[in-house]
Number of protein chains: 2
Amino acid sequence: MENSEYTPLYRRIKHLLTNGLAHREWAPGEPLPSENKLARRFEVSIGTVRKAIDELVDERVVVREQGRGTFVATHNSSRLLFHFFHIVERGGSKEYPKIKTLSFRRGRADMDEAQKLEIAERAPVFRIRNLLSLCGRPTIVDDIVLPRSLVPDLNEKIFIGRDNTIYHLYQSRYGLNVLRTSERLSATCADPDVAKLLGVKKEASLLEINRIALTYHHAPVELRRSVVNTERHDYFSDLGKSPLRRHDPRF
Amino acid sequence: MENSEYTPLYRRIKHLLTNGLAHREWAPGEPLPSENKLARRFEVSIGTVRKAIDELVDERVVVREQGRGTFVATHNSSRLLFHFFHIVERGGSKEYPKIKTLSFRRGRADMDEAQKLEIAERAPVFRIRNLLSLCGRPTIVDDIVLPRSLVPDLNEKIFIGRDNTIYHLYQSRYGLNVLRTSERLSATCADPDVAKLLGVKKEASLLEINRIALTYHHAPVELRRSVVNTERHDYFSDLGKSPLRRHDPRF
DNA sequence: AAGTGGTCTAGACCACCAT
DNA sequence: TGGTGGTCTAGACCACTTA
């Protein structure tokens, strides 16, 4: 007899923790209860709690700090979640982009967008266009599609007046914690508008990135199409990964 | 006082296991000794051995099979290490490419190649060009640079006569186990040769992928430049990852 | 039935941080 | 000094494969 229904205890604990995070029982930046307290609360051993938290750490949902506690990951504190920006200078150095918002409009989701965002066709969305500069040169044009239902009171003033990253705004103001992105890359030709913004000639080769951003329980948050001038920059992808390990990772 | 020298026991065990793997004490496809035996051999508890193997599993160096044992990962068995091919049809389905070798030549590493492959400038290399077809259409041109010192007796007959993937050939014949790749993507224009091969017009926008393949202890194995026609295909990158977990990963 | 990996527990001790 | 996470141990029991 097969037992495909079985879920180990630590997975159920992880699920309970994820629910607590999704419902903001512990908000970004705040500490979770200590492993000891969680073990008593869920009536399991501390090792089982640790295994649940281990997976959340792998997924970058929480961050352990020895001697201090385990904290809900934030989108400001360090580039830890700056881990969502993959464009690097060909030389190698990573740089934080300067962002200029070119347009902020209200619109409706088309069929494809609705399907990807898991909302109704023609549901209200924001459409935002940003120009990102690296090394002082305009390099990326971002077109964002964001369901208005997720960010009810958002407006241009709030969006532009934010004092941090866009994902940090989603997180701090709307409790939307972007945890994961899925991206599809292709080569494209510059259309006249984009060519002008990036200072390249029409028909130049550009890199197109179609991203979907996801939060807890894999719920979609945002669609983003980025068009990148790769004359001086690359998209960097290090699969085989680096599961953020302590101590010397050469071993 | 800081203690930056400290390395936990399980990391040292992992290092010993990695050495055994690099020296083919256990060859690809073969089982490691059971966790029990390893614990006795290294005189540690089984939990410590498990933690060492856990990391090797995360890195896809070995594969656990409940009830059977822990096996050195291979490049044939299933698409597990087919996890190195990121081009997918825009529709979504993943397909194994048809490969045709266009040229197989001997040459010397230039400065840039030598630096990336960690070999001497002008060291002997193979230069191989392959044309990959998907959905019956030529879609990718691969240019491979491979140090001859790593694959001493390789020749065109062996290369073309292989009965499996290229990485499987490296692994089975030369003990070179490609574990990880690091890739940089950019947009490029088709040069006349490539345009002809891919059946696109000159100056068409194509996706360029520069990959370096690494083995144990991060030693470089191969350089590969892929040029992709992205009319019908995308490069798929799912960061947030999927650490190949057992049971229902929704939890 | 025997052997493997997978889960869960309980407890000791270490490293680090706050106070 | 007390509390936190990090490591290591020892042992029980479960799930799965092989024979």
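Each chain gets a letter, A, B and so on, in the order the sequences are listed, and its residues count up from 1.
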| said: Looking at D/dG6, I'd like to know if its phosphate oxygens (OP1 or OP2) sit under 4.0 Å from a side-chain N or O belonging to B/Lys51. | reply: no
| message | Whole angstroms only, please: what is the CZ-P distance between A/Phe42 and C/dT9? | response | 13 Å
| remark: Residues A/Ser226 and A/Ile140: closest non-hydrogen pair is CB-CG2, 4.1 Å
| message | Nearest whole Å is fine: how far is D/dG6 P from A/Glu35 CD? | response | 6 Å
| Whole-Å distance between C/dC8 P and A/Ile13 CD1? | 9 Å
| task | Please report, rounded to the nearest Å, how far the C1' atom of D/dC14 is from the OH atom of A/Tyr10. | result | 13 Å
| query | How do B/Gly67 and A/Val49 order along DNA chain C: which one's closest nucleotide is nearer the 5' end? | reply | B/Gly67
| query | Tell me: CD of A/Gln66 to C1' of D/dG3, nearest whole Å? | reply | 12 Å
| Below 4.0 angstrom from OP1 or OP2 of D/dT18, is there any side-chain N or O of B/Arg68? | yes
| Which whole-number value in Å describes the distance from B/Glu43 CD to D/dT9 C1'? | 14 Å
| query | Any side-chain N or O of B/Arg50 under 4.0 Å from OP1/OP2 of C/dG6? | reply | yes
| Looking only at side-chain N and O atoms, does A/Thr48 come under 4.0 Å of OP1 or OP2 in C/dT9? | yes
| request: Can you tell me the distance, in whole Å, between the NZ atom of A/Lys37 and the C1' atom of D/dG3? | output: 8 Å
| said: I need the CG-P distance between B/Asp54 and C/dT7, as an integer number of Å. | reply: 9 Å
| task | Output yes when at least one side-chain N/O atom of B/Ser34 is less than 4.0 Å from OP1 or OP2 of C/dT4, else no. | result | yes
| Between B/Ser237 and A/Tyr235, does a side chain to side chain donor-acceptor pair (under 3.5 Å) hold up when you go through it step by step? | CA-CA 11 Å; B/Ser237 165; A/Tyr235 178 96; 3.2 Å; yes
| Mind checking whether A/Phe84 and A/His75 have parallel, tilted or perpendicular rings, split at 30° and 60°? | tilted
| query | Looking only at heavy atoms, which two atoms of A/Leu146 and A/Val221 are closest? And how far apart? | reply | CD1-O, 3.5 Å
| task | Identify which nucleotide among C/dT7, D/dT7, C/dA10 has an atom closest to any side-chain atom of A/Ser45, counting heavy atoms from C-beta outward. | result | C/dA10
| query | When you check the gap from the basic side-chain N to the acidic O, do B/Arg180 and B/Glu59 get nearer than 4.0 Å? | reply | no
